[in-house]
Amino acid sequence: MTGEFPQRTAFPGAPRPAEDRRHMIRRRSLTLLIIVLLIGIPAGYLVISANQSRASGKDKEARYSATGLTEGWPSKVQRRIYQVPVPNPAWWVAHYETNNWKTSRLYVEFETTDAGLSAFLTSLGVQAGDLERGRITIGARDRHVTGWTLDGPGTWSGLVHEQKRPAPTHDVVVNHDKPGYPRVYVVSRTVP
């Protein structure tokens, strides 16, 4: 089977015939589409990425510039590192974390039920009977950082749960002012 190739009628270097209008519009449209695809899409992606990055930076700035208790649960990572198992149910939960080259601290406060307090203490490795009536175990420095005033009315009890390094030490104070709904204050401190 021998194929015949069409013969060129024009000589090499000879002028081309003029381009018709429809072909010219199609060629320009294709050129415009290629320009949009090669330049417009990456530029749009960069703008969107920059806005997301800026928003993320503002969120982090707000979180790390906090100078006191922040409403809400500590992250799962914080709860795991500082070994503060906030019980469920718990409400009025607030936390604050400080870090320096010597000691890192997580301050947590929450209100729970008697069963929640018992579950929390058991998770720490202590019992409700270990709480000493009238003992405030959170020091003045930590109270100043959080703004806690732990000398008001109510029945107070506390304990210090020390563990071998690198496990954190827990200072726990409980206000039993509302029967059945204790308010718990915890300072978990770890030394790297």
Side-chain angles (χ1 to χ4, degrees), residues 52 54-192:
Q52 288 174 343
R54 183 177 302 134
S56 172
K58 288 180 182 178
D59 293 345
K60 287 178 184 175
E61 179 185 358
R63 183 174 49 220
Y64 292 117
S65 68
T67 56
L69 290 170
T70 304
E71 187 178 325
W73 289 56
S75 70
K76 288 182 180 180
V77 171
Q78 289 173 318
R79 285 182 272 165
R80 188 182 75 238
I81 291 171
Y82 292 99
Q83 298 176 5
V84 179
V86 179
N88 192 6
W91 49 92
W92 306 108
V93 180
H95 71 283
Y96 179 57
E97 182 180 17
T98 62
N99 296 301
N100 62 35
W101 65 279
K102 276 183 163 179
T103 307
S104 296
R105 288 181 174 85
L106 178 66
Y107 303 89
V108 181
E109 75 173 281
F110 57 90
E111 190 171 301
T112 187
T113 62
D114 285 336
L117 174 62
S118 180
F120 169 73
L121 294 173
T122 302
S123 297
L124 287 182
V126 296
Q127 300 299 320
D130 296 331
L131 288 168
E132 295 180 37
R133 221 173 165 79
R135 185 172 179 207
I136 304 294
T137 57
I138 297 175
R141 177 207 175 277
D142 292 328
R143 284 183 275 171
H144 176 73
V145 167
T146 57
W148 289 335
T149 53
L150 304 178
D151 54 0
T155 307
W156 296 89
S157 60
L159 65 85
V160 176
H161 178 237
E162 292 190 41
Q163 303 180 88
K164 188 176 178 180
R165 284 187 185 171
T169 297
H170 300 100
D171 297 329
V172 179
V173 174
V174 181
N175 184 348
H176 302 277
D177 192 29
K178 287 169 54 176
Y181 298 100
R183 185 95 178 139
V184 182
Y185 302 87
V186 183
V187 177
S188 178
R189 128 182 117 256
T190 184
V191 179

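In this chain, numbering begins with 1 at the start of the sequence shown.
Interatomic distance, L159 CG to E132 CD, rounded to the nearest 0.5 Å: 8.0 Å. Of the inter-residue distances, the one linking L106 atom CG with N99 atom CG reads 9.5 Å to the nearest 0.5 angstrom. Here the straight-line distance linking atom CG of L131 with atom CG of L117 works out to 6.5 Å at 0.5 Å rounding. Atom CD of residue E71 and atom CD of residue E109 lie 10.5 Å apart, to the nearest 0.5 angstrom. The CZ atom of R105 sits 10.5 Å away from the OG1 atom of T169 when rounded to the nearest 0.5 Å. Rounded to the nearest 0.5 Å, atoms CD1 (I138) and CG (L150) are 5.5 Å apart.
The aromatic rings of H170 and H161 lie parallel to each other, with less than 30° between the two planes, well short of the 60° mark. Ring geometry for Y107 against W148 counts as perpendicular: the plane angle is over 60°, on a 0 to 90° scale with 30° as the lower cut.
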Solution key, residues 172-182 side-chain donor-acceptor pairs under 3.5 Å, sequence neighbours excluded:
residue	atom	partner	partner atom	Å
N175	OD1	D177	N	2.9
H176	NE2	S157	OG	2.9
K178	NZ	E111	OE2	2.9

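Side chains of F120 and V186 form a contact here, defined as non-hydrogen atoms less than 4.5 Å apart. When side chains are defined from C-beta on, S188 does not count as touching V108, because their heavy atoms never get closer than 4.5 Å.
Considering T190, L124, V187 in turn, T190 is the only one that fulfils the side chain to side chain contact (heavy atoms under 4.5 Å, CB included) rule with P168.
With hydrogens and angles disregarded, a donor-acceptor distance shorter than 3.5 Å links the side chain of S123 to the backbone of A119.
Taking every heavy atom of both residues into account, R183 and W92 meet most closely at NH1-CB, 3.1 Å.
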